[in-house]
Number of protein chains: 2
Amino acid sequence: MTPKRRGQAPRQSDVARLAGVSQSAVSRVISGDVDSARIPEETRQRVLAAIKELGYVPNASARNLRNKRNRLIGVHTFEAVFPHARDDFYFEFLLGIEERAEQTGFDLVMFTSTGAGDGRRRVYRDGTNRLNLADGSVLLGVSTDRAELARLWADGYPFVHIGRREVPGAEIPCVIPDYRGAATGIVDKLAGHGHRRFAYLREPMEMEPYADRRDGYREAVERLGLTDRSPGFRGESGLTGEWIDELVRGGETAVVAESVRLAEQLLGGLRERGVRVPEDISVAVLEATWEGTSAQWDSLEIPRVAIGRIAVDRVIDMLDHPDQPPESLLVPCPIVPGTTIAAAREERP
Amino acid sequence: MTPKRRGQAPRQSDVARLAGVSQSAVSRVISGDVDSARIPEETRQRVLAAIKELGYVPNASARNLRNKRNRLIGVHTFEAVFPHARDDFYFEFLLGIEERAEQTGFDLVMFTSTGAGDGRRRVYRDGTNRLNLADGSVLLGVSTDRAELARLWADGYPFVHIGRREVPGAEIPCVIPDYRGAATGIVDKLAGHGHRRFAYLREPMEMEPYADRRDGYREAVERLGLTDRSPGFRGESGLTGEWIDELVRGGETAVVAESVRLAEQLLGGLRERGVRVPEDISVAVLEATWEGTSAQWDSLEIPRVAIGRIAVDRVIDMLDHPDQPPESLLVPCPIVPGTTIAAAREERP
DNA sequence: TTGAAAGCGGTACCAT
DNA sequence: ATGGTACCGCTTTCAA
């Protein structure tokens with residue numbers, strides 16, 4: 001037995017000839033178009049037999065060309081996927097994306113050809129938008145290129161971005177972890193433990209996800225009439241030894257850190273100075289934590305798998321309703337209890 | 001600014017009209033067909049300008065239909081990818097596949113739509129072979145469906161399978177970790193440490209990868225004139241307490257296990273009986289090991305990333321040379337030194 | 001140099 | 001019920 005000569009796939013017309021019917025009859029048999037054009041069982045069987053004998057399989061591109069649908073959902077990451085797939089960053093999103101794609105009968109295109117050679121990937125390369133290959137796409141990545149998002153949007157290409165990204169003049173449809181809500185929730189929780197004097201530790205990043213956290217934090221602090229005189233709250237990023245000294249001296253009882261990195265740094269500094277967490281100072285983190293950190297942080301959770309699923313659903317939704325203006329979607333981030341929040345100690349005199 | 005109405009991508013004819021040239025001229029400008037149909041710079045610029053103005057991007061399906069090439073490589077797994085992607089099984093293969101796809105300018109289609117709903121995935125579903133969407137594919141998975149491999153091969157579809165799979169009457173092109181060579185290498189190593197009397201622990205699996213290990217093992221044992229009277233060598237799988245007792249009593253000094261699972265089980269049994277590894281008995285494993293096992297096993301390594309890369313290269317090779325009969329490729333598995341092999345103890349009288 | 005036209009493999013409408 | 005036929009968007013002769 002030898003394989004068929006490569007590149008000689010049988011076509012509908014071959015099937016038609018063998019079955020002694022017209023090509024369009026074959027097409028109708030295949031599409032299983034039960035409603036409109038009923039086909040006598042006998043003919044159907046002849047066609048089916050011919051299909052089997054020739055090992056005919058429909059050509060996907062031709063179908064796509066006709067139907068303007070691929071059942072293909074694109075995944076564009078602005079960096080290579082798999083090197084990072086292990087870090088939870090991409091991994092869990094992909095899990096959800098794949099799961100939902102499988103359930104809804106879509107295939108997934110991972111756009112790797114768009115590699116620019118410098119580790120980054122671009123949508124538009126020499127005037128070609130590879131994403132067009134897919135009916136719609138899910139985009140994600142840290143180093144998102146906003147100009148490309150804008151053009152994609154202007155072109156009317158159906159996509160969602162995981163994580164909020166703002167581009168002036170365009171309303172990028174995003175699936176957004178609700179950092180804002182989680183930040184207010186965490187402040188509420190601390191306040192519920194009697195804390196009134198807060199400090200905020202800020203990352204140097206100026207991206208939307210951080211803006212959301214800061215918004216939520218500020219909103220809660222103001223709403224509850226809390227005090228925060230920290231540099232982070234004023235807009236300075238990082239953590240200095242001086243500020244840790246100040247913390248030890250001052251009346252702050254609660255610290256909210258934007259990242260585990262900062263929280264760990266703080267914890268180290270406090271320990272050196274004999275200050276205990278959470279007995280003396282409570283600390284919460286506005287980031288998803290992982291195993292193996294030096295404390296079990298009170299923090300938030302990013303429901304990544306769910307977000308992946310939702311992103312796929314949103315894209316499919318856009319395909320089904322092309323006329324509805326694409327909206328962003330907020331996904332709640334549960335607050336994860338840890339062991340770094342306790343009741344506020346007595347106010348010092 | 002509002003996005004273009006969705007689903008109204010501009011076509012070449014639109015560009016042509018705007019530029020005041022014919023559609024085929026546009027096509028030639030785009031293909032950059034410098035040789036045959038020279039186009040005056042002035043016209044070229046007009047066309048380019050029109051392309052830019054309309055934000056035209058070529059339709060991938062149409063191109064594909066014409067050219068019979070997508071620059072799309074398929075990845076078909078017989079189970080969902082990402083749930084397992086963390087286990088090294090899939091993960092590192094994908095790493096290599098993605099890397100090579102990016103380097104060679106191919107996109108990757110993950111065939112998720114082929115889910116049968118029972119956790120398995122099939123290539124052929126209601127007579128359609130989704131893989132056709134891609135120019136060629138890399139298949140992998142533990143629960144490979146041989147009938148599908150056979151049909152794919154008979155259809156002349158270009159693909160490789162990661163891992164050896166035999167189907168009567170078809171020569172499935174595979175990229176094969178050289179378990180056979182690694183097994184002989186490990187026996188050689190043990191023999192080099194003075195071992196003459198061996199025992200073999202066999203998994204219940206009857207797949208090609210195990211057959212390869214067994215072949216290699218048997219070959220080396222016979223070539224070196226070694227002794228093996230173990231049940232595993234005779235064809236029985238598993239490990240019984242009786243055999244461990246026998247091992248302790250008997251003269252065997254070396255055990256080769258097909259899996260970490262068996263090796264660990266053995267180690268436990270030996271410890272209970274006060275037998276030390278490797279001082280009293282050396283143990284080697286014919287499987288890639290991982291962190292966190294109870295011993296640092298002398299074992300083999302599966303160069304998964306490299307295999308992924310090679311698989312992509314093989315597919316591309318098949319695309320470039322459709323007439324060459326597809327051959328399988330053997331990839332050497334390095335032998336990883338551990339701490340479970342030592343010199344053979346003195347023969348007991 | 002440039003345009004007209006014939007497909008690539010299907011789908012779907014419109015007659016018959 | 002069936003077949004003829006006009007596209008889908010693009011590439012590639014072949015003439016003009």
Side-chain angles (χ1 to χ4, degrees), chain A residues 7-48 50-51 54-72 127-130 132-133 135, chain B residues 7-47 50-51 54-71 126-130 132-133 135 155:
Chain A
Q8 293 294 347
R11 297 155 303 160
Q12 276 190 354
S13 55
D14 300 324
V15 176
R17 200 173 319 117
L18 182 60
V21 295
S22 79
Q23 192 214 16
S24 62
V26 176
S27 175
R28 263 171 287 140
V29 167
I30 288 169
S31 317
D33 203 344
V34 197
D35 316 323
S36 52
R38 206 143 197 52
I39 288 184
E41 192 50 27
E42 194 263 332
T43 317
R44 242 180 66 83
Q45 290 309 328
R46 264 214 326 279
V47 171
L48 256 25
I51 287 178
L54 276 76
Y56 164 83
V57 285
N59 176 311
S61 296
R63 273 195 165 161
N64 300 160
L65 183 57
R66 232 358 268 214
N67 302 338
K68 313 193 156 209
R69 276 292 124 93
N70 270 208
R71 294 208 75 77
L72 227 45
T128 303
N129 168 7
R130 273 297 274 184
N132 259 321
L133 198 69
D135 298 340
Chain B
Q8 294 295 347
R11 299 155 303 163
Q12 277 189 353
S13 55
D14 299 323
V15 177
R17 200 173 320 115
L18 182 59
V21 296
S22 79
Q23 190 217 24
S24 62
V26 176
S27 176
R28 266 171 285 140
V29 167
I30 286 169
S31 316
D33 204 343
V34 196
D35 316 324
S36 52
R38 212 147 194 44
I39 288 185
E41 192 50 28
E42 193 264 332
T43 316
R44 241 180 68 82
Q45 290 310 328
R46 265 215 324 281
V47 171
I51 288 179
L54 275 74
Y56 165 84
V57 283
N59 175 311
S61 295
R63 270 203 160 152
N64 179 218
L65 182 57
R66 262 312 301 214
N67 302 340
K68 317 198 150 202
R69 277 291 127 88
N70 262 218
R71 292 207 79 74
D126 42 60
T128 304
N129 169 6
R130 274 295 277 183
N132 262 323
L133 198 69
D135 300 342
D155 283 352

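Reminder, nothing fancy here: chain letters follow the sequence lines and each chain counts from 1.
Remark: P of C:dC8 and CG of A:N64 are 18 Å apart, rounded to the nearest angstrom. Going from atom CG of B:N132 over to atom P of C:dC8 covers 17 Å, rounded to whole Å. Rounded to whole angstrom, the span from the CD1 atom of B:I51 across to the P atom of D:dG9 amounts to 16 Å. Regarding B:R69, its CZ atom lies at a distance of 13 Å from the P atom of D:dT12, rounded to whole Å. In this structure, the CZ atom of A:R17 is 18 Å from the C1' atom of D:dT2, given to the nearest Å. As a whole-Å value, the separation of A:Q12 CD from D:dG3 C1' is 14 Å. In this structure, B:E41 atom CD and C:dT1 atom P are separated by 13 Å, rounded to whole Å.
In this structure, A:L133 CG and B:N59 CG are separated by 9.0 Å, a value rounded to the nearest 0.5 Å. Taking CZ of A:R63 as the start and CD1 of A:I30 as the end, the distance is 6.5 Å to the nearest 0.5 Å.
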Scan nucleotides 6-8 of chain D against the protein and return all N/O pairs shorter than 3.5 Å with their distances rounded to 0.1 Å.
unit_1 : atom_1 : unit_2 : atom_2 : d
D:dC7  : O2     : A:R66  : NH1    : 2.4
D:dC8  : O3'    : A:K68  : NZ     : 3.4

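Closest non-hydrogen pair, A:D135 versus A:R71, comes out as OD2-N, 2.8 Å.
In the helix from C:dT1-D:dA16 to C:dT16-D:dA1, the terminal helix axes, each the rotation mapping four pairs' C1' atoms onto the next four within five end pairs, subtend 50°, rounded to 10°.
Taking 4.5 Å as the limit, some side-chain heavy atom of A:V21 sits within range of a side-chain heavy atom of A:V26. B:L65 has its side chain out of reach of A:N64: every pair of non-hydrogen atoms, C-beta onward, lies at least 4.5 Å apart.
Judged by distance alone with a 3.5 Å cut-off, no donor-acceptor contact links the side chain of A:S22 to the base of D:dG4.
Residues satisfying the side chain to side chain contact (heavy atoms under 4.5 Å, CB included) criterion with A:E41, sequence neighbours excluded, are A:R44, A:Q45. Take B:R66 and apply the salt bridge (charged side-chain N to carboxylate O under 4.0 Å, His left out) test, not counting sequence neighbours, and it matches no residue. Residues forming a side chain to side chain donor-acceptor pair (under 3.5 Å) with A:S13 (at least two apart in sequence, or on another chain): none.
Closest-nucleotide positions on DNA chain C for B:A25 and A:N59 were compared, and the one nearer the 5' end corresponds to B:A25.
For A:R28, the listed nucleotide lying nearest its side chain is D:dT2; candidates were D:dT5, D:dT2, D:dC10. Among C:dT11, C:dT2, D:dT11, the nucleotide with an atom closest to any side-chain atom of B:S27 is D:dT11.
Nucleic acid contact for A:V21: sugar-phosphate only, since backbone atoms but no base atoms lie under 4.0 Å from a heavy atom of the residue.
For the salt bridge (Lys or Arg N to Asp or Glu O under 4.0 Å) condition, the pairs that include at least one residue of residues 15-26 of chain B, sequence neighbours left out, are B:D14-B:R17.
Phosphate proximity of D:dT2 to A:T43: present, with a side-chain N or O under 4.0 Å from OP1 or OP2.
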